[in-house]
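Beneath this line is the structure, given in structure tokens, with notes to follow.
Heavy atoms only: backbone and side chains are in, while hydrogens, waters and symmetry mates are out.
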Amino acid sequence: MQASRARLFKEYKEVQREKIADPDIQLVCDDSNIFKWTALIKGPSETPYEGGIFQLAFAVPEQYPLQPPQVRFLTKIFHPNVHFKTGEICLDILKNAWSPAWTLQSVCRAIIALMAHPEPDSPLNCDSGNLLRSGDIRGYQSMARMYTRLAAMPKKG
């Protein structure tokens with residue numbers, strides 16, 4: 001547990017330095033628990049998520065970095081690799097392709113890349129996956145854009 005704490009403190013310091021360097025990711029550690037983090041990530045440009053701000057929750061295991069963090073979307077998102085109700089993310093680096101070289105920041109980067117390049121063949125959201133697999137890109141994009149407007153954009157007025 002000591003090693004994971006030291007690693008997380010190191011990442012915390014790194015995040016403080018990176019704040020300006022990476023405007024797409026705002027990673028914040030819980031004040032009372034170094035194993036709990038949240039992130040705000042910007043939807044990638046030229047995707048249906050553009051303009052949206054999506055909140056992620058990180059639960060970091062005591063065996064970190066030997067084991068991956070559990071990450072889920074707190075913001076509703078229509079994406080084939082994200083469970084619509086729970087926010088669970090289907091991403092290989094969070095499962096069997098994890099490496100201790102990954103950091104919380106690089107996990108956020110990978111999630112942003114997944115948002116831009118969905119994998120419809122391993123869907124957690126079958127509706128979204130089926131739209132893409134059947135070639136209905138327009139249907140997928142309009143649903144994803146609608147949920148981005150409803151859940152990930154600041155309300156006007």
Please examine the side chains of M115 and F54, heavy atoms only from C-beta on, and report whether any two atoms are closer than 4.5 Å. yes
So do the side chains of P44 and Y49 get within less than 4.5 Å of each other, counting heavy atoms only? yes
E11: side chain to side chain donor-acceptor pair (under 3.5 Å) partners, not counting sequence neighbours: R7, Y64
Out of curiosity, does L74 fall in the hydrophobic cluster containing V107 (side-chain heavy atoms, cut-off under 4.5 Å, transitive links)? no
C29 and side-chain contact (heavy atoms from CB on, under 4.5 Å): which partner among F58, Y12, F35? Y12
Is it true that I137 and M146 fall in one hydrophobic cluster, defined by side-chain heavy atoms closer than 4.5 Å? yes
Is any side-chain heavy atom of W37 closer than 4.5 Å to one of V28? no
So if you build clusters from Ile, Leu, Val, Met, Phe, Trp, Tyr with side-chain heavy-atom gaps below 4.5 Å, do M153 and V82 land together? no
Taking salt bridge (Lys or Arg N to Asp or Glu O under 4.0 Å) as the test, write out the residues that go with R145, two or more places apart. none
Other than I53, which residues form its hydrophobic cluster under the rule that side-chain heavy atoms must be closer than 4.5 Å? L40
Is it true that a side-chain atom of S45 and a backbone atom of E50 form a donor plus acceptor pair closer than 3.5 Å? no
Below 4.5 Å, heavy atoms only, C-beta onward: do D24 and I41 meet side chain to side chain? no
Does D31, at its CG atom, have more than 12 non-hydrogen atoms belonging to other residues, nucleotides or ligands within less than 6.0 Å? no
Report yes or no: do L56 and L124 belong to one cluster of Ile/Leu/Val/Met/Phe/Trp/Tyr joined by side chain heavy-atom distances under 4.5 Å? no
Would you check if V71 and L94 make a side-chain contact, meaning some heavy-atom pair closer than 4.5 Å? yes
Between V60 and K36, is any pair of side-chain heavy atoms under 4.5 Å apart? no
What residues, two or more places apart in sequence or in another chain, satisfy side chain to side chain contact (heavy atoms under 4.5 Å, CB included) together with P120? L132, R133
Contact summary for S128 and N125, nearest pair of heavy atoms: N-OD1, 3.0 Å
Would you compute the distance between atom OH of Y140 and atom OG of S134 and round it to the nearest 0.5 angstrom? 13.0 Å
Determine whether L66 and L104 fall in the same hydrophobic cluster, where Ile, Leu, Val, Met, Phe, Trp and Tyr are linked whenever their side-chain heavy atoms lie under 4.5 Å apart. no
Where do S32 and D30 land on the side-chain hydrogen bond (donor to acceptor under 3.5 Å, both in side chains) test, with the steps shown first? CA-CA 6 Å; S32 60; D30 183 293; 2.9 Å; yes
Straight-line distance of I112 CD1 to H117 NE2, nearest 0.5 Å: 11.5 Å
Provide the closest heavy-atom pair for P61 versus P69 in the form atom of the first, atom of the second, distance. CD-CA, 3.7 Å
Any side-chain hydrogen bond (donor to acceptor under 3.5 Å, both in side chains) involving residues 72-86? Give me the pairs, sequence neighbours left out, ordered by first then second residue. H83-T86
Please check this pair: side chain of W98 against backbone of P65, looking for a donor-acceptor N/O pair closer than 3.5 Å. yes
Let me confirm one number: the NZ-SG distance from K42 to C108, rounded to the nearest 0.5 Å. 13.5 Å
Exceeds 12 heavy-atom contacts within 6.0 angstrom, atom CD of Q70: no
Are F9 and I34 close enough that some pair of their side-chain heavy atoms sits under 4.5 Å apart? yes
If you measure from CG on D136 to CZ on R138, what distance do you get to the nearest 0.5 Å? 8.5 Å
For T103, what residues pass the side chain to side chain donor-acceptor pair (under 3.5 Å) criterion, not counting sequence neighbours? S106
Roughly how far, to the nearest 0.5 Å, is the CZ atom of R109 from the CG atom of D22? 4.0 Å
